[in-house]
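Data block below; observations after.
For ligands, and for the atoms within them, numbers begin at 1 and follow the listed sequence. Small disclaimer: the values here were computed from a predicted structure and weren't measured. Positions are given from 1, in the same order as the sequence printed here.
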Amino acid sequence: MRRVRVHPTGLSGQVRVPGDKSLSHRALLLGALVGETVPVAGLAPSGDVAATAEALRGLGARVDLHPDAEGQLQGEVRGPLREASDVLDCGNSGTSLRLLCGVVAGIEGLHVLSGDASLRRRPVQRVAVPLREMGARVDARGGGSLPPVVVHGGELRGIVYRSPVASAQVKSCVLLAGLRAQGPTTVISPLPSRDHTERLLAHLGHPVRAGVGEDGHEVVTIEPGTLRPAPIAVAGDPSSAAFWLVAAAAGAGEVEVRGVCANPTRLGVVQALRQLGAEVGSTLTGQQAGEPVATLSAAPASLAGAVLGGRLVVDAIDELPVLAVAGAMSRHGLEVGDAAELRVKESDRIAVLASALGAVGIHVEQRADGYRVAGQQRPRGGTVDAHGDHRIAMTAAIAGVLGTAAVEITGFEAVATSYPAFLADLQRLGGRVEVLDAG
Ligand code: S3P
């Protein structure tokens with residue numbers, strides 16, 4: 001296990017973050033459905049994206065990727081896909097597993113998908129139910145609820161599916177199955193979620209119809225069809241940028257992150273920081289593969305406090321752990337509701353966050369669907385176990401940067417899931433790090 005110690009310091013300067021993880025998965029998955037060679041660039045060199053690439057190779061795709069000058073992955077992907085000869089190992093990646101379920105449901109044959117111990121504890125019923133309605137046979141462990149998942153792929157029919165959760169993974173799974181179904185497929189979700197699949201489908205010549213009803217529900221309809229080749233360039237990951245923005249806003253110094261995907265469904269963290277009282281800059285610099293790209297920046301500010309819920313929580317779902325650190329350093333604290341989904345992420349992120357921040361002296365009150373952290377609590381030194389969760393490991397590191405004494409983190413290798421160069425970037429910004437055990 002990798003063990004590191006992060007010391008309190010100021011941070012300042014510019015940094016680039018890895019390619020967006022959600023977009024990297026989709027670049028490979030949709031690229032493999034085109035049937036011709038699709039050039040891809042800017043993909044995250046992360047464990048999760050490697051899992052999608054490897055699963056696609058198992059399904060017969062050619063996926064050639066190599067690092068560019070900045071360490072991101074570029075190369076080509078080419079389908080077609082067919083039944084694999086072995087289990088598709090999705091590692092730690094829920095997005096790989098759930099989106100692949102939608103892809104393989106339309107491919108004749110038997111498909112078995114599994115992953116690491118964390119992924120095998122995460123729910124799959126949410127994708128099994130609609131895929132069965134579309135005509136696929138789907139079995140899973142634990143009475144149909146947990147991986148491994150077995151999908152018998154073949155002919156599918158279009159459906160109207162009302163998802164009980166606002167999940168981009170569920171929506172994308174059903175849309176990808178719908179691409180190969182007979183007739184249109186509609187997904188209705190209680191709230192809008194990230195729309196990367198929809199934007200990339202349009203970029204590849206197959207637009208979907210999307211809108212938000214008066215009741216706030218999101219309705220997306222796809223017609224079956226084929227995709228056209230087009231190069232896919234992926235911008236930086238706002239979920240990775242979030243660590244630097246929180247550190248800066250909570251007092252570490254001025255930080256700028258360039259080339260970040262600025263899709264509004266991903267900038268909940270910027271809105272949340274602004275609600276807390278921070279000044280966060282966002283300057284659009286261009287467009288890539290149908291996604292806006294921006295420079296994001298933040299500087300120390302006096303943070304008041306905030307209450308978050310509803311749509312903003314969906315848009316900030318992966319950033320809610322690190323936002324707790326900003327909440328603790330604010331005057332009145334941070335309250336988060338409507339976030340029961342945190343319980344079924346790479347870990348139970350409400351319980352693990354409470355234990356991680358508890359270890360550095362910050363009390364987090366757990367709620368069934370969120371948390372409350374009181375203000376005026378500066379992290380102190382301590383030892384945090386990452387619990388195999390990349391975002392908890394990096395949240396603890398930011399607590400170390402902002403605290404009164406060093407924070408030691410065990411299981412830091414988890415950061416490779418999304419941000420392998422996190423420590424190097426922390427040092428580039430002026431952070432002080434000791435690697436106690438390289439693991
Ligand atoms: C993702 C969607 C979100 C998010 C995850 C990535 C995606 O999950 O938490 O990290 O790429 O579609 P849900 O769809 O389960 O909310």
Side-chain angles (χ1 to χ4, degrees), residues 18-30 43-44 46-49 51-52 90-103 115 118-119 121-130 147 161 163-176 187 189-201 218 220 234-235 237-243 261 263 265-269 291 310-323 336 338-350 352-353 369-370 389-392 394-395 414-415 417-419:
D20 184 69
K21 192 153 73 68
S22 291
L23 281 170
S24 300
H25 289 302
R26 287 162 173 81
L28 295 175
L29 289 165
L30 288 168
L43 272 57
S46 73
D48 272 17
V49 176
T52 290
C90 298
N92 191 241
S93 175
T95 309
S96 309
L97 185 129
R98 298 201 181 103
L99 268 57
L100 274 164
C101 282
V103 169
S118 148
L119 186 55
R121 285 192 292 269
R122 298 183 64 188
V124 292
Q125 196 130 20
R126 53 183 61 197
V127 291
V129 168
Y161 183 63
S163 172
V165 280
S167 158
Q169 293 179 358
V170 172
K171 176 176 63 173
S172 301
C173 166
V174 179
L175 292 177
L176 289 170
V187 188
S189 310
L191 284 170
S193 60
R194 63 191 70 187
D195 61 353
H196 301 306
T197 303
E198 297 90 307
R199 286 174 186 250
L200 198 50
L201 283 164
E218 183 188 53
V220 184
V234 170
D237 196 327
S239 300
S240 298
F243 295 101
C261 172
N263 182 317
T265 61
R266 296 293 302 285
L267 294 188
V269 62
E291 297 278 351
R311 190 170 171 174
L312 193 152
V313 156
V314 182
D315 294 348
I317 193 74
D318 295 334
E319 294 71 67
L320 294 173
V322 73
L323 277 166
V336 174
D338 300 329
E341 279 292 300
L342 285 179
R343 298 266 182 206
V344 291
K345 294 293 179 190
E346 285 84 331
S347 66
D348 173 343
R349 280 195 177 146
I350 298 177
V352 171
L353 177 71
D369 71 339
D389 187 326
H390 55 129
R391 302 210 195 274
I392 297 295
M394 292 183 278
T395 295
V415 304
T417 289
S418 63
Y419 198 164

Task: Electrostatic pair Lys345-Asp389, nearest N-O below 4.0 angstrom - done: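 A salt bridge is absent here (no side-chain N lies under 4.0 Å from a carboxylate O).
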Open item on the list: Taking Asp20 first and then Arg194, would you say they form a salt bridge - that is, a charged N and a carboxylate O separated by under 4.0 Å?
Closed with: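 Judged by the 4.0 Å cut-off on N to carboxylate O distance, Asp20 and Arg194 do not form a salt bridge.
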Open item on the list: Closer than 4.0 Å to some heavy atom of Ala168 - which atoms of ligand 1 meet that?
Closed with: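 Heavy-atom distances to Ala168 below 4.0 Å select 12 (O), 14 (O).
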TODO: For Ile317, take its heavy atoms, then give the atoms of ligand 1 lying under 4.0 Å from any of them.
DONE: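 Taking each heavy atom of Ile317 in turn, ligand 1 has 9 (O) under 4.0 Å.
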TODO: Could you see which bit of His196 sits under 4.0 Å from ligand 1, with heavy atoms only: side chain, backbone, both or neither?
DONE: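 No part of His196 comes within reach of ligand 1.
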TODO: With heavy atoms under 4.0 Å as the rule, classify the contact between His25 and ligand 1 as side chain, backbone, both or neither.
DONE: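 For His25, no heavy atom sits under 4.0 Å from ligand 1.
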What's the shortest distance from [atom] to any protein heavy atom, and which residue and atom give it?
atom	answer
atom 6 (C) of ligand 1	Thr95 OG1, 3.4 Å
atom 12 (O) of ligand 1	Arg26 NH2, 2.6 Å
atom 3 (C) of ligand 1	Lys345 NZ, 3.8 Å
atom 11 (O) of ligand 1	Ser22 OG, 2.7 Å
atom 4 (C) of ligand 1	Asp318 OD2, 3.3 Å

- [ ] Report yes if some N/O of Leu99 lies less than 3.5 Å from some N/O of ligand 1; otherwise report no.
- [x]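 By distance alone, the answer is no.
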Open item on the list: Would Arg391 count as being in polar contact with ligand 1, using the rule that some N or O on each side must be under 3.5 angstrom apart?
Closed with: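 No.
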TODO: Go through the side-chain N and O atoms of Ser418 and His390 and say whether any donor and acceptor fall under 3.5 Å apart.
DONE: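 A pair is found: one side chain offers a donor N or O, the other an acceptor, under 3.5 Å apart.
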TODO: Would you kindly say whether Arg266 and Ser239 are connected by a side-chain donor-acceptor distance under 3.5 Å?
DONE: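 A donor-acceptor contact under 3.5 Å links the two side chains.
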Open item on the list: Applying the side-chain hydrogen bond (donor to acceptor under 3.5 Å, both in side chains) criterion to His196, which one of His25, Glu291, Arg26 satisfies it?
Closed with: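 That would be Glu291.
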Open item on the list: If you compare all heavy atoms of Thr52 against all heavy atoms of Ser96, which two are closest, and at what distance to 0.1 Å?
Closed with: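 For Thr52 and Ser96, the tightest heavy-atom pair comes out as OG1-OG, 2.7 Å.
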TODO: Flag the pair Thr95 / Asp48 as yes when at least one side-chain heavy-atom distance between them is below 4.5 Å, and no otherwise.
DONE: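 Result no, sub-4.5 Å side-chain heavy-atom pair not found.
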TODO: Using modelled atom types only, decide if a donor and an acceptor are shared between the side chain of Asp369 and the backbone of Ala340 within a distance under 3.5 Å.
DONE: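 No; zero donor-acceptor contacts below 3.5 Å.
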TODO: State if Lys171 counts as touching ligand 1 under the rule of any non-hydrogen atom under 4.0 Å.
DONE: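 Per 4.0 Å heavy-atom rule, Lys171 does not contact ligand 1.
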